[in-house]
Amino acid sequence: MKPLPTVLPLERPYWDHAREHRLALQRCSACGVFRFPASPVCAECSSDQFAWVPTKGIGTLVSWVVFHKSYFTAFNDEIPYNVALVKVDEGPVLCTNVIGIDNDRLVAGMRLRVVFEDVDETFSIPKFTPL
Amino acid sequence: MNGDLQRLKALRDQTAIVGVGASEQGSFPDADPYTLAIKALRRALDDAGLKKEDLDGLIVQGPGNVSFVRMGEMLGINPVAGGNFDLGGLATGPLIQQAAMMLHAGLCRTVALVYGNASRAEGRKFGGDTVVTPGREYSSAFYYYGLTSPGAASAFQTRLHFETYGTGPEQLATVPITQRQHAMLNPDSIKKDPLTLDKYMNARYVCEPLRLYDYCLINDGGVALIMTTTDRARDLAKRPILLAGIGRQDTYRNSSMPTHTLWRDTMPRAAEQVYAMAGVGRDDIDALMVYDSFSINIWLSLENFGFCKPGEAGDFTQGGRIALGGALPINTHGGHLSDSYMQGWLHQVEAVRQLRGEAGPRQVADARHVQYICRGNLCTTMIYRRDA
């Protein structure tokens, strides 16, 4: 079993939305800037007013790595696997796996869309796949 | 925004490193960080010609839970200034800067900085934890993706560099190969077998695009420095090595994802401050000591400190430029990649030895200024110079 997220109170809505297959991020109600990970205040304008807003779930591959060493036993069979940084069109950068494509075909700038992996009755985990 | 340069310039050359010491470095299954640190401190005191009773300031660090309080008890020291910072391995620069401020402000007269690292003996993995530490970093969702380890963060940056500038592993290999050559001239270093381009390229990936030799060692050891004010330093055994300039610039905005920038907006500010404070420029630097947890740190430090332009470090480091005998020798002791992983502390020791002319076969001729650079996200830098 892969290590599941520990849900901190601030980011509970992120996982609640993900369970419904929506990629939602905090959006500052004052200046409109999206942010991730969760924070009680906007790093741009310091406002503490925000809402969790669904994104379009589309983004661009910024950078990625491929693990050849297994640090978690649950990944032993997946070596080598990628971990990617995806900048969603709303602005924030998310950590994820890109699925549905060979690791050696990944290129910076490629367009990706979110897909959800239903892990158990609690968690659906956002991953990305070529658009 | 930089610090207050007017006030910082008053600190220029006012404090000095007067003693350096290190324990044996390597793998010691029964090691503990206190024993290693205290052995190093004894050697640093001997180097300075000082006794334990001369110390009234104490700074303690290590990657484990090395206690300032216990260290004081073991050493039998009742300090009037000091402490520990929970800043991880990058704390070396901040702690030395803290020591300088303590001395200059008169909080104490002579401070020992002691570092103990028993990572190998303790089986420290630097990756694979599953316990979330929200006070330190946002990481709860990372593990499901299989993301872990400091090396992965540097691997993302390496990929970004390769993709953005068309650089590649054959160029990056020059960093570990050169540092291995340096380590072979250092009797204290751990890795002394030659490293070739073939051996580098054929080594396994750990976190692609980083290969085995792009990674620092994990080993046991201790390091200690003794610092005092420059006026006191001039009465001691050896030529004082003055702290001419300091700089620091952290990067925390949008930082808890693995780095998706190359710190272009932040690291240059630390450079700006350190050169302005020290009153010297890049051309005055005779050797660089660069915090090298991973080889890519060298490239980012060179580019962001203005030794070359962004994207050019791959070319800049070729042709022997960063090797002993080149224009800008880097990590002349072998660094974390080949000497020992003492989280920047042996980089300070090497700076002192180079400036004293004690580096033997790896001596940089007539070294007058040596600079330490630690990359973001907690970028610090110091310029040391030998006393006239």
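Proteins get letters first, then strands, A, B, ... in listed order; numbering begins at 1 in each.
- Dense packing is recorded around CG of A:Asp16, with more than 12 heavy atoms of other residues, nucleotides or ligands lying under 6.0 Å away.
- Taking the side chain as every heavy atom from C-beta outward, A:Tyr71 and B:Ser149 approach each other to under 4.5 Å.
- Proximity to chain B is limited to the side chain of A:Phe75, based on heavy atoms less than 4.5 angstrom apart.
- Residues of residues 25-35 of chain A never come within less than 4.5 angstrom of chain B, heavy atom to heavy atom.
- For B:Tyr252, no part lies under 4.5 angstrom from a heavy atom of chain A.
- Pairs engaging residues 201-217 of chain B under the side-chain hydrogen bond (donor to acceptor under 3.5 Å, both in side chains) rule: A:His68-B:Glu208, B:Tyr200-B:Asp214, B:Tyr205-B:Arg211, B:Asp214-B:Ser295 [sequence neighbours left out].
- No more than 12 heavy-atom neighbours from other residues, nucleotides or ligands sit within 6.0 angstrom of NZ on B:Lys309.
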Please tabulate, for the side chains in residues 88-99 of chain A, all donor-acceptor contacts under 3.5 angstrom to protein atoms that are two or more places apart in sequence or on a different chain.
unit_1	atom_1	unit_2	atom_2	d
A:Asp89	OD1	A:Arg111	NH1	2.8
A:Asp89	OD2	A:Arg111	NH2	2.9
A:Glu90	OE2	A:Lys56	N	2.9
A:Thr96	OG1	A:Pro126	O	3.3
A:Asn97	OD1	A:Lys127	NZ	3.4
A:Asn97	ND2	A:Asn82	O	2.8
A:Asn97	ND2	B:Tyr145	O	3.0

Practice problem: Could you walk me through whether B:Tyr143 and A:Lys2 pass side chain to side chain contact (heavy atoms under 4.5 Å, CB included), step by step? | Solution: CA-CA 7 Å; B:Tyr143 306 140; A:Lys2 293 178 182 178; over 6 Å; no
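- Considering only heavy atoms from C-beta on, B:Arg159 comes within 4.5 Å of A:Val66 through its side chain.
- Neither the backbone nor the side chain of B:Thr158 comes within contact range of chain A, judged by heavy atoms closer than 4.5 Å.
- For the options B:Asn254, B:Leu160, B:Thr164, heavy-atom pairs under 4.5 Å to chain A are most numerous at B:Leu160.
- A:Ala84 touches chain B through its backbone: at least one of N, CA, C or O sits under 4.5 Å from a heavy atom, while the side chain does not.
- Contact tally against chain A (heavy-atom pairs below 4.5 Å) for B:Gly127, B:Ala155, B:Gly146: the top residue is B:Gly146.
- Top candidate by heavy-atom pairs under 4.5 Å with chain B, chosen from A:Val65, A:Thr73, A:Val62, A:Leu10, is A:Val65.
- Note that the CG atom of B:Leu210 and the NZ atom of A:Lys69 stand 14.0 Å from one another [nearest 0.5 Å].
- Contacts between residues 115-125 of chain A and chain B, defined by a heavy-atom separation under 4.5 Å, are made by A:Glu117, A:Val119, A:Ile125.
- More than 12 heavy atoms of other residues, nucleotides or ligands lie within 6.0 Å of CG in B:Asp193, so this atom counts as buried by the packing criterion.
- A heavy-atom distance below 4.5 Å is found between the side chains of B:Leu147 and A:Phe67.
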